[in-house]
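One structure below.
The structure displayed is predicted, hence computed values, not measured ones. Quick note: numbers below take in every heavy atom, side chains included, and nothing from hydrogens, waters or symmetry partners.
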Amino acid sequence: FANDPVEYACTLSGKKAMDVAKRYDSGYLVIGADTIVVLDGKILGKPEDKEDAFRMLKSLQGKWHEVITGVTVIDAGDKRAESDYEKTRVKMRSLSDDMIKAYINTGEPMDKAGSYGIQRFGALLVERIEGCYFNVVGLPLVKLSFMLEKFGYTILS
């Protein structure tokens, strides 16, 4: 899967959703999602430690990269599954080593793909995005609403 980041993200979201769906009977929809960061074709997962976070942020700084979230919805009753994805381009601003270290010291990067999150202090690292903001947060809400409609659920009804 490492050669196809979209397939990788969708497979992970499907595994997460199925792991939960197999514990329930009909009447439940299960949503699984997995977000990855891709730089020059290479998947950046969650950092192993502060040094790994520094390395990732240093590689992303000043560059465009992609954030891909795979989303899977499963009907727990009949196990019908739908998977899709959202892709957003993100440009990280140029960062000094001190700024990267200060961000790492907030603790924010340690559980985030690519070692950053856009919704808190990480917003200061992002210069520009093209596409869905909520995808970068980790759950592309418009994409999810379209997927839920396939299962007969309309969010704004």
Side-chain angles (χ1 to χ4, degrees), residues 1-24 28-74 76 81-148:
F1 300 114
N3 293 337
D4 186 349
V6 168
E7 185 178 352
Y8 180 75
C10 288
T11 297
L12 291 178
S13 73
K15 286 181 179 182
K16 286 179 176 181
M18 188 54 78
D19 186 53
V20 174
K22 66 185 178 188
R23 300 181 211 162
Y24 292 92
Y28 293 94
L29 281 185
V30 176
I31 300 165
D34 198 87
T35 301
I36 60 173
V37 170
V38 181
L39 176 65
D40 299 326
K42 183 179 178 198
I43 296 171
L44 304 180
K46 295 177 183 176
E48 295 176 14
D49 53 30
K50 288 183 175 185
E51 291 77 26
D52 195 30
F54 184 88
R55 181 190 58 75
M56 282 190 225
L57 290 167
K58 188 82 172 164
S59 71
L60 290 168
Q61 64 97 27
K63 297 180 184 168
W64 283 96
H65 60 277
E66 295 178 327
V67 175
I68 300 170
T69 302
V71 180
T72 301
V73 178
I74 299 178
E82 295 278 340
S83 290
D84 208 341
Y85 70 94
E86 189 69 53
K87 188 184 298 188
T88 304
R89 286 179 24 96
V90 178
K91 183 171 187 212
M92 190 169 285
R93 65 184 268 195
S94 294
L95 305 167
S96 68
D97 288 358
D98 287 342
M99 186 177 226
I100 293 172
K101 289 174 187 172
Y103 178 63
I104 291 169
N105 286 333
T106 69
E108 239 180 70
M110 302 318 295
D111 67 342
K112 306 280 190 294
S115 299
Y116 78 95
I118 197 171
Q119 58 272 49
R120 297 192 63 218
F121 294 114
L124 300 173
L125 309 181
V126 174
E127 183 176 315
R128 166 179 223 96
I129 72 168
E130 292 178 357
C132 177
Y133 167 81
F134 293 104
N135 180 49
V136 183
V137 172
L139 188 62
L141 297 176
V142 172
K143 176 70 68 179
L144 177 59
S145 72
F146 286 130
M147 294 174 75
L148 291 173

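- Every salt bridge (Lys or Arg N to Asp or Glu O under 4.0 Å) that Lys143 has, sequence neighbours left out, goes to Asp84.
- Scored by the side chain to side chain contact (heavy atoms under 4.5 Å, CB included) test, Ala113 finds Val37 as partners (sequence neighbours excluded).
- With sequence neighbours excluded, the residues that form a side chain to side chain contact (heavy atoms under 4.5 Å, CB included) with Glu127 are Lys91, Arg93.
- Within 6.0 Å of CZ in Phe146 there are 12 or fewer heavy atoms belonging to other residues, nucleotides or ligands.
- A donor-acceptor pair under 3.5 Å links the side-chain atoms of Asn105 to the main chain of Lys101, judged by distance alone.
- Residues meeting the side-chain hydrogen bond (donor to acceptor under 3.5 Å, both in side chains) test with Thr35, sequence neighbours left out: Thr69.
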_What verdict does the salt bridge (Lys or Arg N to Asp or Glu O under 4.0 Å) test give for Asp19 and Lys16, after you've listed the backbone C-alpha separation in whole Å, the side-chain angles of each residue and the deciding distance to 0.1 Å?_
CA-CA 5 Å; Asp19 186 53; Lys16 286 179 176 181; over 6 Å; no

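- The nearest pair of heavy atoms linking Ile74 to Ala21 is CG2-CB, 3.7 Å.
- Side-chain contact between Val142 and Cys132 is absent, with no heavy atoms from C-beta onward closer than 4.5 Å.
- Taking the side chain as every heavy atom from C-beta outward, Pro140 and Val71 approach each other to under 4.5 Å.
- A search for side chain to side chain contact (heavy atoms under 4.5 Å, CB included) contacts involving Lys58 returns Phe54, Asp97, Ile100, not counting sequence neighbours.
- For Tyr103, the side chain to side chain contact (heavy atoms under 4.5 Å, CB included) partners are Leu57, Thr106, Glu108, Pro109, Tyr116, Phe121, Leu125, not counting sequence neighbours.
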